[in-house]
Amino acid sequence: MAITIEKNLLKEWESVIGLEIHVQLNTKSKLFSGASTNFGAEPNTQACNIDLGLPGVLPVLNKEVLKMAVKFGLAINASINSPTNFARKNYFYPDLPKGYQISQLDSPIVEGGSVDIISKEESKNIRITRAHLEEDAGKSLHEDYEGMTGVDLNRAGTPLLEIVSEPDIRSAEEAVSYLKKIHSIVRYLDISDGNMSEGSMRCDANVSVRKKGDTNLGTRTEIKNVNSFRFVEKAINYEIKRQIGLILNGQEIKQDTILYDSSKDETRPMRSKEFANDYRYFPEPDLLPVIIENSFIDKVKTEMPELLEDKRIRFINVFELSDYDADVLVANRDIANYFENVVEITKEPKLSANWIMGDLSAFLNKENLEINESKVSFENLANLILRILDSTISGKIAKEIFEIMWESGNDPNMIIEEKGLKQVTDSSEIEQLVDKAFMENPQQLADLKSGKDKLFGFFVGQIMKVSKGKASPVQVNKILKEKLEK
Ligand code: ADP
Ligand code: MG
């Protein structure tokens, strides 16, 4: 149900938001066991004794996970805690057979740091409280069995990095901007695929409201597990209005945990904080505190990839791209790589950017493919661009060839050869075409000569048509002019 509050009243309020983002780290094996983390396997084929917490087993920390967390910490200018400690977070849930989750409470691996986001076209800093490691729980499958719930433990023990922000966010748009920033950082670092629909990145949004000018924080609610950028925005906007509505009605906000129902676009309480879980955290007795040596951090530093912001600046400086082009290309690391590979061959950044942001993106979008799944390789696109640059083909024919390349996966040079699509630049051939067009359209020619300049375009069109688009438009224009001046 939509909530309506008068615009003037809304203006007096401010929202305060803090996000807890769970990022699934893309290690091959789990946080404390050697079981595989592949997505989509048959239920319960990827959970070993350690993931199930059978008596007598011991967790063994996956070092790769530490490296990934440190990478993230370095990317946001945070401190890396050493020693960093693991703790047991106890609760009962059918998809948590151990009855506890190994997580971190005191001395999380990453503490402090911040990221910049764009809000209302200005840069704004969002502080990060901490990022800690924890293992994921299994999954309850409510839809698959009539009247029963299935439990799939493949996900149990998968490494998560939980990134907790300070309550610095002031609107749903800023929350999305922040979430996208974190998404981009983990993708650039290649520590997660960030796939929200598969649950590799999940977000809890803590929301409160207060009168503008107030410095105290209002009571917050926590919207659980929102799984797309769009829903994060909608859920927060709904919750802000719901809270303001309640307060205007003289009611109090209860510190509830709530669910967002995207099909109805509304939030509803899941459990109240009065029944809040007391997790009875205690230090994990099976894992020693972990010392992170400076030499380890230094080694990770040398392996840090170039991050989005640096790449953006380099694209503008080195390739002389516009801010807009650079923004679009670096938003996805794989697209940025593809672009660099194309430019290395063509040496023409602007034209290469246009092709990637134009035709290639359109074809990818149409078939819902990622750039890594593109049916046109970077070599083939670069070769096509080279043929435009050396005037073998016109830009228009290039579009037709691109479509054939997409369908066949073939090299453009081969397609040009096979289909006889080479541009006609030979002037004697074009002169013949011009003469023929003059002869076949005497009336139009007379009118053009007596001052109807518009007919110039008519003749260009005729000649292009007769040549099936293969005549070089530059040459056609030039020769037409020469003949008319005679
Ligand atoms: P918990 O562990 O119970 O969820 P935390 O204190 O760790 O609580 O806070 C979790 C998140 O809630 C953080 O992102 C924090 O910024 C945010 N937060 C805390 N207080 C508020 C508030 N009054 N309004 C909005 N967000 C808040
Ligand atoms: Mg929380």
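Owing to the predicted nature of the structure, the values given are computational and were not obtained by experimental measurement. Whatever order the structure lists ligands and atoms in, that order sets their numbers, starting from 1.
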### Numbering as shown, the atoms of ligand 1 that approach P167 to under 4.0 Å (heavy-atom distance)
16 (O), 26 (N), 27 (C)

### Query
Short question: side chain of S165, backbone of L19 - any donor-acceptor pair under 3.5 Å?
yes

### Query
Which ligand 1 atoms does E222 reach within 4.0 Å, using its non-hydrogen atoms?
4 (O)

### Task
Please state which part of L19 comes within less than 4.0 Å of ligand 1, counting heavy atoms only: side chain, backbone, both or neither.
backbone

### Of the listed options E166, R210, E20, R130, closest to atom 4 (O) of ligand 1 (non-hydrogen atoms)
E20

### Task
Measure from NZ or CZ of K211 to the centre of the six-membered ring of W13 and say whether it is under 6.0 Å with the direction within 45° of the ring axis.
yes

### Task
Take T84 and Q104 through the side-chain hydrogen bond (donor to acceptor under 3.5 Å, both in side chains) test and state the conclusion after the steps.
CA-CA 8 Å; T84 179; Q104 299 198 283; 2.6 Å; yes

### Task
Using the six-membered ring of F229, assess whether NZ or CZ of K180 lies under 6.0 Å from its centre and within 45 degrees of the ring axis.
yes

## Note on the structure
Among R220, R127, Q255, E162, closest by heavy atom to atom 1 (P) of ligand 1 is R220

### Query
For N206, is at least one N or O under 3.5 Å away from an N or O on ligand 1?
yes

### Query
Are K98 and Y100 in a cation-pi contact, defined as NZ or CZ under 6.0 Å from the six-membered ring centre and within 45° of the axis?
yes

### Query
Atoms of ligand 1 less than 4.0 Å from G218 heavy atoms?
23 (N)

### Per-atom contacts, ligand 1 versus V164 - under 4.0 Å to a heavy atom
13 (C), 14 (O)

### Task
Mark up the atoms of ligand 1 that fall under 4.0 Å of a heavy atom belonging to V16, in ascending order.
24 (N), 25 (C)

Without placing hydrogens or testing angles, list every side-chain donor-acceptor pair under 3.5 Å for residues 372-380, not counting sequence neighbours.
residue: N372; atom: ND2; partner: D334; partner atom: OD2; Å: 3.2
residue: E373; atom: OE1; partner: E370; partner atom: N; Å: 2.7
residue: S374; atom: OG; partner: V376; partner atom: N; Å: 3.1
residue: S374; atom: OG; partner: V376; partner atom: O; Å: 2.8
residue: K375; atom: NZ; partner: E367; partner atom: OE1; Å: 2.7
residue: S377; atom: OG; partner: E379; partner atom: OE1; Å: 3.4
residue: S377; atom: OG; partner: N380; partner atom: N; Å: 3.2
residue: N380; atom: ND2; partner: G409; partner atom: O; Å: 3.4
residue: N380; atom: ND2; partner: N410; partner atom: O; Å: 3.3

### Summary
The ring-ring contact (aromatic ring centres under 6.0 Å, His included) partners of F363 (sequence neighbours excluded) come to F402, W406

